[in-house]
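To find a chain, count down the sequence lines: A is the first, B the second, and so on, and within it residues start at 1.
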2 protein chains.
Amino acid sequence: MIYSDKTTEQELRRGGYKLTTQRRAIIGTIAGTQEHLTPAAIYERVHRKHPSIGLVTVYRTIDILAELGLICETHAGGSCRSYLMRRPSGHHHHLICSDCGRVVDFTDCDLEKLERRLAKETNFKINGHLLEFLGQCRECSRKQKEQSRLC
Amino acid sequence: MIYSDKTTEQELRRGGYKLTTQRRAIIGTIAGTQEHLTPAAIYERVHRKHPSIGLVTVYRTIDILAELGLICETHAGGSCRSYLMRRPSGHHHHLICSDCGRVVDFTDCDLEKLERRLAKETNFKINGHLLEFLGQCRECSRKQKEQSRLC
DNA sequence: ATCTAAATGAAAACGTTTTTCAATTAGCAA
DNA sequence: TTGCTAATTGAAAAACGTTTTCATTTAGAT
């Protein structure tokens with residue numbers, strides 16, 4: 001319950017959706033971690049506490065949360081689809097550890113200049129971008145070092 | 001046969017892979033368009049000319065081409081996986097028209113400064129990034145204008 | 001021309017996502 | 001509170017997309 005559980009629930013209702021036990025559990029799960037979770041991972045965790053909740057409901061809830069812009073979809077890091085609770089800020093991007101999946105947000109991408117130039121050069125009307133950095137967080141690179149020392 | 005068919009074929013062999021009719025056809029298909037094609041789209045096009053080539057072979061060839069770095073994988077634009085023949089340049093990114101799928105390359109992303117800053121602030125060892133711009137190309141926005149005029 | 005490892009196609013297996021449908025439930029009205 | 005209704009749910013099946021398996025074929029070296 002680190003982030004905006006309550007806010008997310010309010011937004012759901014504002015969007016005209018009912019607030020069910022299942023949806024609450026799913027929101028709590030996504031909000032309760034910094035990792036980006038695949039639908040299957042969300043299901044697994046939710047299912048542990050509430051064995052009656054089905055995978056279908058997870059998919060349906062994800063769709064709604066994404067539609068309302070309450071979660072972010074990431075692409076990098078192997079899996080095609082994984083989700084994060086949207087942080088308070090608006091436009092932002094992710095720095096992802098490809099080992100442990102930890103995600104750090106950053107907001108200032110400073111791509112406006114590039115965007116303007118591209119638009120001018122190509123005659124495109126640009127309406128968005130996808131930016132993710134991939135790397136290794138401190139803990140993981142430390143672990144790796146220790147392991148290589150053992151050889 | 002716009003781009004580097006021949007080069008691609010040479011690279012394949014250099015990688016220790018045999019140059020079969022099927023692979024030639026698949027490479028020709030990807031190289032013959034500027035669009036980014038999903039595996040299914042590649043199969044459909046290849047299959048039209050060579051009905052005996054199976055979808056499995058398309059997948060296997062894609063894997064090899066990606067492994068050798070001869071094609072690029074894109075994520076934006078709805079589909080989870082789609083491919084483009086790699087242009088002559090090395091590191092580059094894509095500007096994608098979300099209507100027609102046209103892809104324009106650009107090389108200078110100028111993210112080094114941001115990358116260095118992020119690395120310093122987060123203690124991450126950053127080893128790559130994913131950047132795609134999404135928009136509407138001139139033709140598509142023109143078409144849209146015409147259509148809205150009809151209403 | 002012959003040989004062999006690599007590559008292929010078809011079918012089956014597998015994992016993920018969506019659809020269908022009958023049963024249940026949240027949120028509102030009385 | 002109680003009942004009503006449309007929204008939501010779970011289970012099963014269908015629909016996809018991707019990978020594996022295996023017998024057959026073929027590229028490329030000899």
The side chain of B:Thr57 lies closest to which of these nucleotides: C:dG9, D:dT8, D:dG10?
C:dG9
Could you please name the option among D:dG10, C:dG9, D:dT18 that lies closest to any side-chain atom of A:Arg60?
D:dG10
Look at [X] and [N] and indicate whether a side-chain polar atom (N or O) is within less than 4.0 Å of OP1 or OP2.
X: B:Arg23; N: C:dT8; value: yes
X: B:Arg81; N: D:dG17; value: no
X: B:Gln22; N: D:dT26; value: no

Whichever of B:Thr20 and A:Lys18 has the more 5' nearest nucleotide on DNA chain C, that residue is B:Thr20
Could you say whether A:Gly54 or B:Val56 is positioned toward the 5' end of DNA chain D, judged by the nucleotide with the nearest heavy atom to each?
A:Gly54
C:dG27 base to A:Arg13 side chain: any donor-acceptor pair below 3.5 Å?
no
If you look at every strand shown and take non-hydrogen atoms under 4.0 Å, does B:Leu55 touch a base, only sugar-phosphate, or nothing?
base
May I have the distance from [X] (atom [atom1]) to [N] (atom [atom2]), rounded to whole angstrom?
X: B:Tyr43; N: C:dT8; atom1: OH; atom2: C1'; answer: 13 Å
X: A:Arg24; N: C:dT25; atom1: CZ; atom2: P; answer: 15 Å
X: B:Glu9; N: C:dA7; atom1: CD; atom2: C1'; answer: 16 Å
X: B:His50; N: C:dG9; atom1: NE2; atom2: P; answer: 11 Å
X: B:Ile62; N: C:dA7; atom1: CD1; atom2: C1'; answer: 16 Å
X: B:Glu73; N: D:dT18; atom1: CD; atom2: C1'; answer: 13 Å
X: B:Gln10; N: D:dG28; atom1: CD; atom2: P; answer: 13 Å
X: B:Tyr17; N: D:dA29; atom1: OH; atom2: P; answer: 17 Å

Whether A:His47 side chain and A:Ile53 backbone form a donor-acceptor pair below 3.5 Å:
yes
Quick one: does B:Arg13's side chain have a donor or acceptor within less than 3.5 Å of a partner on B:Leu19's backbone?
no
Is A:Arg48 salt-bridged to A:Glu44, cutoff N-O under 4.0 Å?
yes
Got more than 12 heavy atoms from elsewhere within 6.0 Å of CZ, B:Arg138?
no
Ring centers of A:Phe124, B:Phe133 separated by less than 6.0 Å:
no
